[in-house]
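Here's the structure we're looking at; comments come further down.
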Number of protein chains: 2
Amino acid sequence: MPASDRPRPGAAPPPTRATISDVALKAGVSKATVSRFLNRREELLTPEIAVRVERAINALGYIPSPMAQALKRGRSRLIGLVVADVTNPYSVAVLRGAERACQDAGYLLVLFNLGNEAEREREAIESLMAYQVEGLILNTLGADHGAIAQAMRHGKPVVLVDRRHPELQTDFVSLDNTGAVRLAAGHLIEAGFRDLLFVSEPLVGVSSRLEREAAFRAFVADHRGVAGRTFESTADAPDALDDALRRCGRSRKSRSAVLAGNAVISLRVAAAAARLGLRFGADLGLIGFDETEWAPLLGPGLTTIAQPTDDLGRLAATCLIERLNGLHLPPRQILLPGRLMLRGSSRPDASQVT
Amino acid sequence: MPASDRPRPGAAPPPTRATISDVALKAGVSKATVSRFLNRREELLTPEIAVRVERAINALGYIPSPMAQALKRGRSRLIGLVVADVTNPYSVAVLRGAERACQDAGYLLVLFNLGNEAEREREAIESLMAYQVEGLILNTLGADHGAIAQAMRHGKPVVLVDRRHPELQTDFVSLDNTGAVRLAAGHLIEAGFRDLLFVSEPLVGVSSRLEREAAFRAFVADHRGVAGRTFESTADAPDALDDALRRCGRSRKSRSAVLAGNAVISLRVAAAAARLGLRFGADLGLIGFDETEWAPLLGPGLTTIAQPTDDLGRLAATCLIERLNGLHLPPRQILLPGRLMLRGSSRPDASQVT
DNA sequence: TTGTAGGCGTTATCAC
DNA sequence: GTGATAACGCCTACAA
């Protein structure tokens, strides 16, 4: 290359990274030897040579190129993670758990965030596939079976988190929604509430929402003397929520309670209750899915159903990595129990104790 | 390979992806021709050939391997993002903005989350470097200048977000902390508060915290008749915070206010105030850095300083991509203003209006 | 306009 | 034990 082509005469010299050839040269051995040293160090090279290679590596600060390795081995050591919305604390928790497990197993996580635009799901999966991720962890809206199926046809293992796609033969990791609803509703009944309202984001085929709603209906059907209704709340129609709540809160004092399908809904219900002048606990029971940092600070404290989010994320990654390691098993379904975090919003009596 | 070695006799056939050779073969042309078609389609191939190639590509569902391209071109089209803590809404916002900008420019974002373990910063940067990311966006604790400096020596552009490393010659994107403090403190004074307390997480060299504290001190020094103190709060010493608050809240009623250095601190202050029986607005003014979804619901509503998080993330990515596109400029410093979200916690008079 | 050949950094298969 | 050498999938001179 003629000098004139170089970026800048006086600037930093072409800072090209050391390759295996450089190491081989410096150590006075062949590339193959260096490669062997790198991969199965136990299989003894002559100690003297091993030392020479090691020195050369350190001297040059050599790091193998994952790209080249990927090319050769057909394994990228990349795992793709698609989340519906990074803004959602649940997604973040999954991300956290998964990331750690991946790193521990020597994988790097590539993130694709849908920002709640379901139509980008295909794009996400295709991008990730192009990068030859070895597997996919999906916490998505589930619009696009096609892309997932295709990934699986290409032999990439897939793990679904939270949102189920029954048509797909994949591992699935999630909260035990049915159990969690029973737990929460059972607690409300014990606390003396008899008129229950389940508020959810629009169900629109999202499995976790459907499961929670179904479990709620089943629970109510199973319990004589308990009235139950359900309501789908959208962000743009707060009035409707107010109406639904009004019917609850004022009817029979201290006997009505709301079960909120997730943290966003909890917030919406809290806002609506404030508008209506209803106090949690005292006028209206409230339990919300998903533990958050602000739950203890909402009125007398918001009782929540905490998901074992870290475990969920970790398990998802673990499942995937097991498959990558050759585990051959029919699709697993892993459900973890929720935990009730008791606070003032579900204790009518204690509600005035701040 | 003997049949017995194959994964499973009846299972899916080795679902290996189509390569450029497959396309060439199918189209009856050479690999070079296909490659040309892919890269500079304008430079006319015989239309007839172009059509044949295109057909072959579609028929095979061929997607070029970014790995192989990276190897050849020395560009991975990967951008590394290191965040101190994905759990932090600020990090998430940055992530969101950056991700979108990267994707629009044809890059994929690789995430590395430190989980607040500063000592993993080096590990993160080295991992990312190994994957030949083309640049780095860092929102980290700043423990490890060495790794960053080394990345830059390797010619990788770096953009710092929120946490400044003055020793490093990099682009820097952040909130205008000084201006934001002035804005908030000024508002408190106008609202009649005269006794100000700035509560922060431990400063420990984190630039954004230091800047906010310094700005606070400067503000107080500039305003006669205004008393100001600062306090560093740790999660394990709530008592100390209680003490600090007690001195505030009870001394001269309705004249004391707290400025919380971030959302975590806001929450801590809120919890402490609840313990002490202090009501925001009425007994104690409160403004917190960082807008959150729960801010409107805390007591009479928490006044916050909203950061333009989306813009920050997007700008960070844009800066990086400009550098990747060859922009040669001295290190930029981009500061964006905060916005005051007025609510009850900073209006002593209105505090009782729910 | 198109094909041939060499190489990016690595690993695997041979010989030696 | 160790060293050539041929891929992996792609791009790019260069030749035709």
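What you see is a predicted model; the values in this text were computed from it and never measured. Each chain gets a letter, A, B and so on, in the order the sequences are listed, and its residues count up from 1.
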Between [Y] and [X], is there a salt bridge with N-O shorter than 4.0 Å?
X        : Y        : value
A:Glu134 : A:Arg77  : no
B:Arg314 : B:Glu99  : no
A:Arg163 : A:Glu121 : no

Quiz item: Any donor and acceptor pair, going by atom type alone, linking the side chain of B:Arg323 with main-chain N or O of B:Leu329 inside 3.5 Å?
Solution: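 It does hold such a pair.
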Practice problem: Please confirm whether the backbone N or O of A:Met129 pairs with a side-chain atom of B:Arg17, one donor and one acceptor, at under 3.5 Å? | Solution: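 Yes; judged by distance alone, with no hydrogens or angles, the pair exists.
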Separation of [N] [atom2] from [X] [atom1] (nearest whole Å):
X       : N     : atom1 : atom2 : value
B:Phe37 : D:dG9 : CZ    : C1'   : 18 Å
B:Asp22 : D:dG9 : CG    : P     : 8 Å
A:Leu71 : C:dC8 : CG    : C1'   : 9 Å
A:Leu25 : D:dG3 : CG    : P     : 12 Å
B:Glu48 : C:dT2 : CD    : P     : 9 Å

Practice problem: Check whether the side chains of B:Arg164 and B:Gln333 place a donor and an acceptor atom closer than 3.5 Å, and report yes or no. | Solution: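 Side-chain D/A pair, B:Arg164 to B:Gln333: present.
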Exercise. Check the pair A:Arg120, A:Glu123 against salt bridge (charged side-chain N to carboxylate O under 4.0 Å, His left out), reporting the backbone distance first and the verdict last.
Key: CA-CA 5 Å; A:Arg120 292 179 65 211; A:Glu123 177 192 346; 3.6 Å; yes
Quiz item: At what angle, to 10 degrees, do the two end axes of the helix from C:dT1-D:dA16 to C:dC16-D:dG1 meet, given five pairs define each axis?
Solution: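 Both end axes considered, the difference amounts to 50°.
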Practice problem: At under 4.0 Å between heavy atoms, which parts of nucleotides 10-16 of chain C does protein reach? Answer with one letter per nucleotide, 5' to 3': B base, S sugar-phosphate only, - none. | Solution: BBB----
Practice problem: Could you list the residues that satisfy side-chain contact (heavy atoms from CB on, under 4.5 Å) with B:Ser91, not counting sequence neighbours? | Solution: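 With sequence neighbours excluded, B:Ser91 shows a side-chain contact (heavy atoms from CB on, under 4.5 Å) to B:Val83, B:Asn88, B:Asn139, given in chain and number order.
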Quiz item: Is the distance from OP1 or OP2 of D:dG3 to the nearest side-chain N or O of A:Thr33 less than 4.0 Å?
Solution: yes
